[in-house]
Amino acid sequence: MTPEPSSHTAPDVRPRVGIVGAGQLARMGWQAAISLDLELLCLGAPGEAATGAGAPLLEGSGRDPAALTELADRCDVLTFEHELVDLDALARLEARGALVRPSAAVLALAVDKLHQRRTLAAMDGISVPAFAPVATLAELEAFAREHGWPVVLKARSGGYDGRGVWMCADAGAADAAMREGHDAGLELYVEQAIDLVAELAVLVARSPSGEVEVYPPVETFQVDGMCRCVVMPGRIPEPVTRQAVALAHKLAEQLGLEGLMAIELFLAAGERLLVNELALRTHNTGHLHTEASGTSQFEQHLRAVLDLPLGITTPLAKAAAMVNVVGPPDGSDPASRLQEALRVPGARVHLYGKSARAGRKLGHVTVCAETPEQALSLAREAADRLERHD
Ligand SMILES: Nc1ncnc2c1ncn2[C@@H]1O[C@H](COP(=O)(O)OP(=O)(O)O)[C@@H](O)[C@H]1O
Ligand SMILES: [Mg+2]
């Protein structure tokens with residue numbers, strides 16, 4: 001028997017969670033909120049994925065202090081599905097007693113990736129790729145002379161799905177990437193390109209009363225910087241799994257995390273684990289837990305920010321895989337091919353209700369199976385049918 005936690009501080013009745021953002025992550029958060037009969041209010045624009053599924057909407061932007069204030073006034077706790085926020089406004093709301101989870105200071109790590117690198121690099125026992133802020137090509141070349149080509153140029157803020165990340169093989173490529181970044185008004189930093197054995201991700205939840213749950217690490221596969229599939233268990237040696245879980249505990253505790261955090265990891269030769277980036281919210285690499293683990297990441301997120309008891313993260317299946325459904329080049333809508341996808345045995349299809357556009361993430365498929373290979377092959381088959389690949 002697990003002892004009853006005594007120090008939880010959730011509001012008494014039907015608390016309302018304010019989510020900054022109304023995209024697919026908020027939409028799946030809304031699904032979880034329905035099960036627990038929690039109220040949700042999403043800050044975003046009409047027509048976004050969560051609103052289409054009936055989630056209540058407060059129209060506005062996370063960058064607008066007035067909208068954040070209204071969200072805080074109407075909700076018991078504020079949390080996030082993206083990082084495009086006014087951190088100063090959030091800090092002011094915190095100062096007058098609003099519950100902002102994660103806190104503005106912790107969310108700042110996701111808003112500015114250079115600040116995140118510096119913070120992680122200063123922590124004991126955490127490795128990150130070598131990095132440096134760069135404003136000129138000369139500075140970038142100096143970094144490359146020290147660390148070797150290729151290098152990775154990154155935008156400090158606003159990037160996602162590989163946007164704002166440029167792999168530069170030489171000075172010519174770096175020059176072009178820097179121009180593109182500067183033309184877009186971005187501040188940039190450069191980092192050493194790691195020779196990757198694999199990419200992993202680990203998801204951790206921590207509640208304000210200090211409870212921590214870590215999900216089993218997964219292996220992730222990126223194409224052009226965008227996550228395309230996730231497999232559990234991945235090809236991860238046992239000592240690396242232990243290291244990843246310990247790292248998740250350590251980061252959640254040292255940062256004083258309140259809510260959910262995804263940690264993207266690089267596995268390099270010699271079982272060396274480096275932190276790539278932190279997301280202070282639900283994450284694409286955690287979608288498979290909805291079917292494959294004891295508690296979905298969306299429910300766990302709500303439990304954590306409301307200081308409710310956290311759910312178990314034990315795998316429920318021997319293996320699972322998730323494949324994203326991305327808008328095909330012809331612009332057609334994968335939803336029109338749902339029938340074919342559902343014929344794939346075990347395919348659990350999630351469509352986000354977003355308008356179809358080539359290259360846009362429109363959904364995902366998860367399959368649980370006896371082996372990772374089986375799960376991946378079936379999930380891929382269903383996703384391919386939705387994307388109409390033969
Ligand atoms: N230093 C690096 N070395 C090798 N590959 C990298 C490096 N940085 C990024 N990448 C590749 O680019 C992907 C996207 O980079 P990331 O910083 O995670 O940006 P995003 O916010 O778009 O996810 C990573 O998942 C990885 O595949
Ligand atoms: Mg990433």
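When a ligand or atom number is given, it counts from 1 through the structure's own listing order.
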> Any salt bridge between Arg235 and Glu219, counting N to O under 4.0 Å?
yes
> Assess the pair Tyr352 and His364: is the distance between their ring centroids shorter than 6.0 Å?
yes
> Return the protein residues near ligand 1 (heavy atom under 4.0 Å from any of its atoms), ordered by chain and residue number.
Lys113, Val152, Lys154, Tyr160, Asp161, Gly162, Val165, Met167, Glu191, Gln192, Ala193, Ile194, Leu196, Glu199, Gln222, Gly225, Glu264, Phe266, Asn276, Glu277
> Is the shortest side-chain N to carboxylate O distance from Arg63 to Asp86 below 4.0 Å?
no
> Under 2.8 Å from the Mg ion (ligand 2), how many protein N, O or S atoms can be found?
3
> State, without any angle test, whether Arg27 and Gln31 hold a side-chain donor-acceptor pair at a distance under 3.5 Å.
no
> Check Arg360, Arg380, Arg228, Arg337 against Glu387 for a salt bridge (charged side-chain N to carboxylate O under 4.0 Å, His left out) and give me the one that passes.
Arg228
> Does this structure show an ion pair linking Arg117 with Glu191, if we count only N-O contacts that are shorter than 4.0 Å?
yes
> Testing Arg281, Arg303, Arg101 for salt bridge (charged side-chain N to carboxylate O under 4.0 Å, His left out) with Glu258, which one passes?
Arg101
> Check this for me: does any side-chain nitrogen of one of Asp88 and Arg92 sit under 4.0 Å from a carboxylate oxygen of the other?
no
> Do the side chains of Leu153 and Tyr189 get nearer than 4.5 Å, heavy atoms only?
no
